[in-house]
Amino acid sequence: MVASGKPAEVTVDAKWLAPGKTYAFHTSAYDGTLYETDWSPWATFHIRDRVVDIKLPEPDKDAAAVGLDAYQEPQKAQREYDDPNARSGRPASGENCSDAGDNKVLCAEVGEVGDLTKKQQVSVENRLRSTRDAADLVKWCSDVSSGTDWFKRTEACMKKATPLYGRMYSKLPDGQTILVGTATFASVIQIKLDPQSTTFQ
């Protein structure tokens, strides 16, 4: 029951209504005792079809291609690695060694992210600044700070400076080896994806 002049609601089961169809109805009031003798005017309603008709404009073949990467600033990335301060030392088995002749043995080892000291990180930063931009695979790589990994939609510039260690050992006549030289290299990884395929550089 609703008050005179107020809207009334009627629930119709969805199985009686079909998409894309128009329905008509009229009403006759009942106050609980008497029915109205006249019917209301017919009213109609339409059930919208599920298919959405969208008319798109014709493409402009002369329009310049949209450079999506230009609209995204480099974002900081989180590389998963363990805490270097928690390690007591590096096992000798991590070295990859080869005989260099002249009783010399050359060894190389990939370090862990975060192994570089603050002084080494500053040195890396200064050397990277002197590198020409043309040498970068990822053109914005020289503009972002070292010590952090950065990425965009199809490019990455990993500047956590993973160190590479080079060591030279000398063989003694008694068969023992002694360390005679070391070198530490800091690496920067640049990755460029090809959005048209599954390849990357």
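Taking 4.0 Å as the cut-off between side-chain N and carboxylate O, Lys104 and Asp99 do not count as a salt-bridged pair.
Connection of Tyr35 to Trp39 is not established within any shared hydrophobic cluster, with ILVMFWY side chains joined at heavy-atom distances below 4.5 Å, either directly or through further cluster members.
Residues Pro74 and Phe151 fail the side-chain proximity criterion, which asks for heavy atoms closer than 4.5 Å. Side-chain contact between Thr44 and Tyr23: absent, with no pair of heavy atoms (C-beta onward) separated by less than 4.5 Å.
For Glu95 against Arg167, the heavy-atom pair with the smallest separation is OE2-NH1, 2.7 Å. Of all heavy-atom pairs between Ile47 and Ala18, the closest is CB-O, 3.4 Å.
Residues His26 and Ser40 have side chains that never bring a donor and an acceptor to within less than 3.5 angstrom of each other. Residues Glu155 and Trp150 bring no donor and acceptor atom of their side chains to less than 3.5 Å of each other.
In this structure, the side-chain contact (heavy atoms from CB on, under 4.5 Å) partners of Gln196, at least two apart in sequence or on a different chain, are Asp194. Annotation: side-chain contact (heavy atoms from CB on, under 4.5 Å) contacts of Ile191 (sequence neighbours excluded): Ala156, Met158, Ile189, Leu193, Phe200.
The structure places CH2 of Trp140 at 10.0 Å from CD of Glu73, a figure rounded to the nearest 0.5 Å. In this structure, CD in Gln201 is found 11.0 Å from CD in Gln190, a value given to the nearest 0.5 Å. Atom SG of Cys141 and atom NZ of Lys192 lie 11.0 Å apart (nearest 0.5 Å). Annotation: the span from His46 atom NE2 to Leu17 atom CG amounts to 11.5 Å, rounded to 0.5 Å. Separation of atoms SG (Cys157) and CG (Asp136) is listed at 7.0 Å; rounding is to 0.5 Å.
The hydrophobic cluster containing Leu172 also includes Leu106, Met168, Ile178, Val180, under a criterion of side-chain heavy atoms closer than 4.5 Å among ILVMFWY residues, counted directly or through chains of members.
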Working for side-chain contact (heavy atoms from CB on, under 4.5 Å), residues Lys76 and Thr148
CA-CA 7 Å; Lys76 286 186 178 181; Thr148 304; 3.8 Å; yes
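Under the 3.5 Å distance criterion, the side-chain polar atoms of Asp13 are left unmatched by any main-chain donor or acceptor of Trp16.
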